[in-house]
Amino acid sequence: MRSRLPVALVLPALVGLAFLLVPLAGLLVEAPWATLPSQLFSAEVGEALKLSLICASLATIVCLVLGVPLAWLLARSELPGRGVLRALVTVPLVLPPVVGGVALLLVLGRRGLVGQYLDQWFGISLPFTTTGVVLAEAFVAMPFLVISVEGALRAADPRYEEAAATLGASRWLTFRRVTLPSVMPGVVAGTVLCWARALGEFGATITFAGNFPGKTTTMPLAVYLALETDPDAAIVLSIVLLLVSVAVLAGLRDKWIRA
């Protein structure tokens, strides 16, 4: 016979559940459903949506190119100080995004540690550009990919890689044909999480890339602007971001929620 749930735990749990769900429900209740199609296909919303999708996808590609090798380094190498390195990689997860934007500005800005040479030698200026949006999103989103792939690598059986090595396969061939296919579910999960995080990035983007319509105004920034001038558009954009978040969680429920 199942024991009764203690009231002292159930009541706070229900309050916590309401605290998380009621605001989201309120967003749907207050949505301008009658004008939603016209709002969704308006020039401003469409421009912000298109820019967000492009920048989030490019940022995810950057994270894949850099993050998968970094995850392999953390999981499989005997590099001294891996624990410290792993902690540093996860810092953007807890770092306020605005601080990340300031850090990027100090390093990649026109007078930054690296940015000044990019500007002087190549005439490249990254802040307040669409490229700056991609870099800001990649900075905040990459830890999600690295953690997911590293976890998959640690769980994978290394004996298959050892067998490939004994058969004469090079490390690169072993990685491509054995390691990567075995951890592909973790790579896919990390990629989706990374893309969703990049799509919803706000603080680092507005600090490093600014808020210029058609150039750096992504959906979160458009929501911020629309709250003052067009609340209906802000609600529509918020609903789009909410649906994307729900779709991501629904797609990853077997890997993350049930586990």
Side-chain angles (χ1 to χ4, degrees), residues 23-24 26-28 30-63 92 95-112 114-116 118-119 122-142 144 194-248:
L24 301 180
L27 186 64
L28 298 176
E30 295 297 327
W33 296 108
T35 60
L36 190 141
S38 60
Q39 289 281 351
L40 188 59
F41 293 104
S42 66
E44 296 79 7
V45 173
E47 192 174 62
L49 179 59
K50 179 182 176 181
L51 184 64
S52 293
L53 294 175
I54 292 174
C55 290
S57 300
L58 292 176
T60 303
I61 293 174
V62 172
C63 292
L95 190 72
V98 174
V99 177
V102 172
L104 288 172
L105 200 58
L106 293 176
V107 173
L108 298 177
R110 295 187 64 180
R111 298 183 179 180
V114 177
Q116 59 179 322
L118 292 176
D119 185 44
F122 307 103
I124 297 176
S125 179
L126 297 174
F128 311 110
T129 63
T130 305
T131 305
V133 175
V134 174
L135 293 177
E137 292 179 349
F139 177 80
V140 234
M142 189 183 296
F144 290 89
C194 179
W195 183 82
R197 180 64 185 87
L199 189 69
E201 166 52 31
F202 175 82
T205 302
I206 197 172
T207 306
F208 182 63
N211 194 359
F212 301 98
K215 189 176 181 182
T216 64
T217 301
T218 56
M219 284 198 292
L221 274 66
V223 171
Y224 178 76
L225 283 178
L227 278 174
E228 299 180 357
T229 57
D230 190 357
D232 286 348
I235 295 175
V236 170
L237 284 167
S238 299
I239 290 176
V240 172
L241 291 172
L242 174 61
L243 293 177
V244 169
S245 301
V246 171
V248 168

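FYI, the numbering just counts along the sequence from 1. What you see below is based on every heavy atom in this structure, not just the backbone, and it leaves out hydrogens, waters and symmetry mates.
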Pairs involving residues 194-204, ordered by first then second residue, that meet side-chain hydrogen bond (donor to acceptor under 3.5 Å, both in side chains) (sequence neighbours left out): Ser57-Trp195, Arg197-Glu201

Expected output: side-chain Gln116 to main-chain Gly112 donor-acceptor under 3.5 Å: yes

Interatomic distance, Met219 atom CE to Leu51 atom CG [nearest 0.5 angstrom]: 9.5 Å

Heavy-atom closest pair, residues Ala59 and Ala198: CB-CB, 4.3 Å

Which atom pairs, one a donor and one an acceptor, fall under 3.5 Å between side chains of residues 236-246 and the rest of the protein, sequence neighbours left out?
residue : atom : partner : partner atom : Å
Ser238  : OG   : Ala234  : O            : 2.7
Ser245  : OG   : Leu241  : O            : 3.0

Sequence-distant partners of Asp119, salt bridge (charged side-chain N to carboxylate O under 4.0 Å, His left out), two or more places apart: Arg110

pair Phe202-Pro97: side-chain heavy atoms closer than 4.5 Å: no

From Tyr224 atom OH to Ile206 atom CD1, the distance as rounded to the nearest 0.5 Å: 6.0 Å

Whether Thr207 side chain and Val102 backbone form a donor-acceptor pair below 3.5 Å: no

Residue pair Ile235 / Pro32, side-chain heavy-atom distance below 4.5 Å: yes

Closest non-hydrogen atom pair, Val62 against Ala138: CG1-CB, 4.2 Å

Polar side-chain atom of Thr217 near backbone of Phe212 as donor-acceptor pair, under 3.5 Å: yes

Closest contact, heavy atoms only, Ala204 versus Val140: CB-CG2, 4.4 Å

Straight-line distance of Thr218 OG1 to Leu199 CG, nearest 0.5 Å: 8.0 Å

By salt bridge (charged side-chain N to carboxylate O under 4.0 Å, His left out) - contacts of Glu137 (at least two apart): none

Donor-acceptor contacts, no H, no angles, side chain residues 124-134, under 3.5 Å, sequence neighbours left out:
residue : atom : partner : partner atom : Å
Thr129  : OG1  : Leu126  : O            : 2.5
Thr129  : OG1  : Gly132  : N            : 3.1
Thr130  : OG1  : Lys215  : O            : 2.7

Side chain to side chain donor-acceptor pair (under 3.5 Å) partners for Ser52, two or more places apart: none

Check against side chain to side chain contact (heavy atoms under 4.5 Å, CB included), Leu108 and Leu135: CA-CA 10 Å; Leu108 298 177; Leu135 293 177; 4.0 Å; yes

